[in-house]
Amino acid sequence: MNATIAYLKNCFEQALIAAFGNDLAGVDPVLVPTSNPQFGDYQSNVSMSLAKRLGKAPRAIAQDLIQKLDLSDICEPLEIAGPGFINIKLKTEYLQSQLAAMQGSSRLGVEAAKNPKRVIVDFSSPNIAKEMHVGHLRSTIIGDAIARVLEFQGQDVLRLNHVGDWGTQFGMLITYLQEVCPEALTTADALDLGDLVAFYKKAKQRFDEDPEFQEKSRQEVVKLQSGNPESHRTWQLLCDQSRREFQVIYDLLDICLTERGESFYNPLLQQVIDDLEQTGLLVEDQGAKCVFLEGFTNREGEPLPLIVQKSDGGYNYATTDLAAIRYRIQTDQAKRMIYVTDAGQANHFAQVFQVARRAGWIPEGVEIIHIPFGLVQGEDGKRLKTRSGDTVRLRDLLDEAIVRSRADLETRLKEEDRHESEEFIAHTSQIVGISAVKYADLSQNRTSNYIFSFDKMLALQGNTAPYMLYAYVRIQGISRKGQIDFDNLGSDLKILLQEETEFALARHLLQLDEMIDQVSQDLMPNRLCQYLFELSQKFNQFYDRCPVLQAETSVRTSRLVLCDLTARTLKLGLSLLGIGVLERM
RNA sequence: GGGUACUUAGCUCAGUGGAUAGAGCAACCGCCUUCUAAGCGGUCGGUCACAGGUUCGAACCCUGUAGUACCCGCCA
């Protein structure tokens, strides 16, 4: 547990000073989990790195260091191995007591943050008047998982949905609707959102080829942005409708967001320009107001501008993003701002962050980071499309996952001659299907592109959601069979570690808090997935080797605690990924 | 042309300075009178794109080369 590594680190730091003098104060003892269980639990690699500095052989350094260390309360005697590694093996009694403490903790031994910070996670961000599509999948799933991990830590998390609810698309759309479907401008739900999307595409086409239409659209935007009541009402209608459609998907995914779209920052945009002017960063170029960037150049090697006010006086997304940064710092009091968008926007954010920094808008101690992720690709390695070449609607994608998982389940029920209620089948298929989609996405290193495959994510074996859900179900099976109430196993339970698989499982369980701490720092949910997958594997190995219910009383109790801890860890870990568990499947 | 990211087993991917580079899938071989075999064990499989450099130690850091993807002045 964290407490363990922190304790060891402290001991090593003192031993370094005791052995080699005050010069070594502040040297990192390089304590890491061992690369191989045969080396124990942790290893220190500090001796090798000090060889040159101290002018001694690494093994001799390790020897000197060990003499100043007394860890006999929690560790077996330290061992020096290879070129000078110091291997640390925790005592069995220590592991057992740590497990008992974990068992008695409602947070499984994971401490809450001591100084909670206001953190903003900006994710999902679909566009009004368009449907959510596969492009929104990763931001939504990854952003939610990151928010959940930080919330579990006790951070004060604000989940913001920066929806595209402003801008030129509305001018086009309103102009087009005036022509073909005027009732949609004044009546709620006169159109299906799907139709709206089709209209949007046609409007865009008209916009691109018809100058007269273009001009009308621009005027519509101006009308809207200048607060014309009629335009505003139409805009409101379109937004409401889209919002309800988004909510269907968020409900299906069990994701909570606070909507604060681009329009929210509208009243703040002029101030951004004025303040940039004040700082002296603002330059007028070809009629547009911009800030010239450092480290970004065009074809000719000249500095690239970030345009914050177009030559027609309009603002663009850079302006909105700058206004949002200011608002989030000044009003929301954010100390950490996390933007979960695709890697293609890396440039844009680097530029906007640079301007905000140079303008002095990001105070000391405020962190602002872009969390990029790669494309979702089809099995052909190209951007994921439907067979007809269209963008894949998120709704269709999720429905298909559920339909497929239901088909799998029904086949299985038939094979095993099991009979289950419609409610059970529907619920199980939904959890399995949605979990599979989420887990497949999260288990991948987010920075790389990822190949979407229903067959792989729904596979019952391997690093998939169903495999882990099954491990959880197995534990619930023990509970049912033995009529065990895991919540009331009793107090003062003794844990006895004897078998290899018990030790492996126990050691893994005790790494939970390190894992969560790491994910909260590097914001890589795939590490948590890896941890949970390995936990499931280690549990299945234990389950295979160690009978639980038939064991004699003291062993049985101890193994029941291991089962309970595994189940609770899986449930917690999966919940941080936005994935629910099942009692049976 | 510039920028950013990527290139690891047949396939999909982990592994952001430590010991013999790992997992899943696929293929093959075993294990159900015993808590759900949706499981477990085993075999096979690698010039970590290539070439230099830094380091006691490099898949990982630096430089260069090749390939792939994405981005590059008034869309978001």
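Below, read A as the first sequence line, B as the second, and so on, with proteins coming before strands; counting in each chain starts at 1. The basis for the numbers below is simple: all heavy atoms, side chains too, and nothing from hydrogens, waters or symmetry mates.
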*asked:* Do A:D321 and A:Y339 pair up side chain to side chain, a donor and an acceptor below 3.5 Å, judged on atom types alone?
replied: no
*asked:* Here's a test of your reading of the structure: between A:T34 and A:D544, which maps to the more 5' nucleotide of RNA chain B?
replied: A:T34
*Are any of A:Q461's side-chain N or O atoms less than 4.0 Å away from OP1 or OP2 of B:rG39?*
yes
*In whole Å, what separates the C1' atom of B:rA19 from that of B:rA27?*
32 Å
*A:R358 versus A:Q354, side-chain donor and acceptor atoms under 3.5 Å*: yes
_Minimum-distance nucleotide (side-chain atoms of A:R474 versus B:rA37, B:rA19, B:rC56)_ = B:rA37
_Selection from B:rG73, B:rA38, B:rA14 that lies nearest to any side-chain heavy atom of A:P305_ = B:rG73
*Touch class at under 4.0 angstrom, heavy-atom based, for A:G477 against every strand present*: sugar-phosphate
*Flag for A:E534-A:Q530: side-chain donor and acceptor within less than 3.5 Å*: yes
_Candidates B:rA23, B:rU16, B:rC71 - which lies nearest the side chain of A:Q537_ = B:rA23
*For the side chain of A:S448, starting at C-beta, report the closest nucleotide among B:rA76, B:rG39, B:rA14.*
B:rA14
*How long is the line joining CG of A:N161 and C1' of B:rA76, in whole Å?*
14 Å
*Considering Watson-Crick and G-U wobble pairs with both distances under 3.5 Å, what does B:rU4 pair with?*
B:rA69
*Considering only B:rC70, B:rG15, B:rG2, which nucleotide approaches the side chain of A:T297 most closely?*
B:rG2
*Does A:Q43 make a side-chain donor-acceptor contact with the base of B:rA19, cut-off 3.5 Å?*
yes
_When the P atoms of B:rC28 and B:rG64 are compared, how many Å lie between them, rounded to an integer?_
48 Å
*Counting Watson-Crick and G-U wobble pairs only, both distances under 3.5 Å, name the nucleotide matched with B:rC74, or none.*
none
_Just the rounded figure in Å: distance from P of B:rA38 to CD of A:E416._
6 Å
*May I ask which nucleotide in the shown strands pairs with B:rC31, Watson-Crick or G-U wobble, both distances under 3.5 Å?*
B:rG39
*Mind checking the C1' distance from B:rU20 to B:rA59? Whole angstroms is fine.*
15 Å
*May I ask which nucleotide in the shown strands pairs with B:rU20, Watson-Crick or G-U wobble, both distances under 3.5 Å?*
none
*asked:* Could you tell me the Watson-Crick or G-U partner of B:rG52, where both distances fall under 3.5 Å? Say none if there is no partner.
replied: B:rC62
_A:E215 and A:S217: side chain donor to acceptor below 3.5 Å_ = no
*Given atom CZ of A:R545 and atom P of B:rU34, what is their separation to the nearest angstrom?*
19 Å
*Considering only the P atoms, how many Å lie between B:rA26 and B:rA21, rounded to the nearest integer?*
25 Å
_With a cut-off of less than 4.0 Å, is there a side-chain N or O of A:N526 near OP1 or OP2 of B:rG15?_
yes
*Expressed as a whole number of Å, how far does the C1' atom of B:rG67 sit from that of B:rG57?*
30 Å
*Would A:Y543 count as stacked on B:rG39 if the rule is ring centres under 5.5 Å and plane angle under 30°?*
no
_Does A:R206 qualify as a cation-pi partner of A:Y176, given the criterion of NZ or CZ under 6.0 Å from the six-membered ring centre and within 45 degrees of its axis?_
no
*Ring-on-base stacking between A:F85 and B:rA19, under 5.5 Å between centres and under 30° between planes: is it there?*
yes
*Between B:rG3, B:rA38, B:rC56, which one does the side chain of A:S49 approach most closely?*
B:rC56
*Which base, if any, makes a Watson-Crick or G-U wobble pair with B:rG10, both distances under 3.5 Å?*
B:rC25
*Between the side-chain atoms of A:S35 and the base atoms of B:rA19, is any donor-acceptor pair under 3.5 Å?*
yes
*For B:rG46 versus B:rC11, give the span between their C1' atoms, rounded off to a whole number of Å.*
14 Å
*Span that lies between the P atom of B:rU16 and that of B:rC60, in whole angstrom*: 12 Å
*Please say which of A:E502, A:E500, A:E499 ends up in a salt bridge (Lys or Arg N to Asp or Glu O under 4.0 Å) with A:R545.*
A:E499
*Atom CE of A:M457 and atom C1' of B:rG24: how far apart are they, to the nearest Å?*
15 Å
*asked:* What is the distance, to the nearest angstrom, from the CG atom on A:N449 to the P atom on B:rU8?
replied: 13 Å
_Distance check, P atoms only: B:rU47 and B:rU54, in whole angstrom units._
26 Å
*At under 4.0 Å, does any side-chain N or O of A:K456 touch on OP1 or OP2 of B:rC25?*
no
_Pairing partner (Watson-Crick or G-U wobble, both distances under 3.5 angstrom) of B:rG57_ = none
*Would you say a side-chain N or O of A:R527 is under 4.0 Å from OP1 or OP2 of B:rU16?*
yes
*Stepwise, does the side-chain contact (heavy atoms from CB on, under 4.5 Å) test hold for A:K9 with A:D28?*
CA-CA 8 Å; A:K9 191 172 178 208; A:D28 182 355; 4.1 Å; yes
*asked:* Between A:T34 and A:N36, is there a side-chain donor-acceptor contact under 3.5 Å, judged purely by atom types and distance?
replied: no
*Is B:rC31 in the syn or the anti form, by the rule that syn lies within 90° of 0?*
anti
*Of the nucleotides B:rC40, B:rA38, B:rC35, which one has an atom closest to the side chain of A:I478?*
B:rC35
_Phosphate-side-chain proximity, A:N463 and B:rA23, N/O vs OP1/OP2 below 4.0 Å_ = no
*Let me know the distance between CD of A:Q530 and P of B:rG24, rounded to the nearest Å.*
10 Å
*Measure the shortest side-chain to side-chain distance between A:Y472 and A:L582 over non-hydrogen atoms and say whether it is less than 4.5 angstrom.*
no
_Rounded interatomic separation in angstrom, taking CD from A:Q444 and P from B:rA5_ = 19 Å
*asked:* Heavy atoms from C-beta onward define the side chain here; which of B:rC74, B:rA19, B:rG39 lies closest to that of A:Q286?
replied: B:rC74
*asked:* Heavy atoms only, 4.0 Å cut-off, all strands: where does A:A346 land among base, sugar-phosphate and nothing?
replied: nothing
*Report the base-pairing partner of B:rU47 (Watson-Crick or G-U wobble, both distances below 3.5 angstrom), or none.*
none
*What is the distance, rounded to the nearest whole Å, between atom CZ of A:F533 and atom P of B:rC40?*
8 Å
*Between A:Y315 and A:M524, which has a closest nucleotide on RNA chain B that is more 5'?*
A:M524
*OP1 or OP2 of B:rG39 less than 4.0 angstrom from a side-chain nitrogen or oxygen of A:Y472, does that happen here?*
no
*Between B:rC40, B:rA38, B:rC75, which nucleotide has the shortest distance from any of its atoms to the side chain of A:K310?*
B:rC75
_By nearest atom, which of the nucleotides B:rC71, B:rG73, B:rA38 is closest to the A:I307 side chain?_
B:rG73
*ring pair (Phe, Tyr, Trp, His ring centres under 6.0 Å) partner of A:H162, chosen from A:F264, A:Y265, A:F123*: A:Y265
*Under the 3.5 Å rule, do the base of B:rA19 and the side chain of A:N87 count as making a donor-acceptor pair?*
yes
*With sugar-phosphate meaning primed atoms plus P, OP1 and OP2, does A:V308 contact a base, only sugar-phosphate, or nothing at under 4.0 Å between heavy atoms?*
nothing
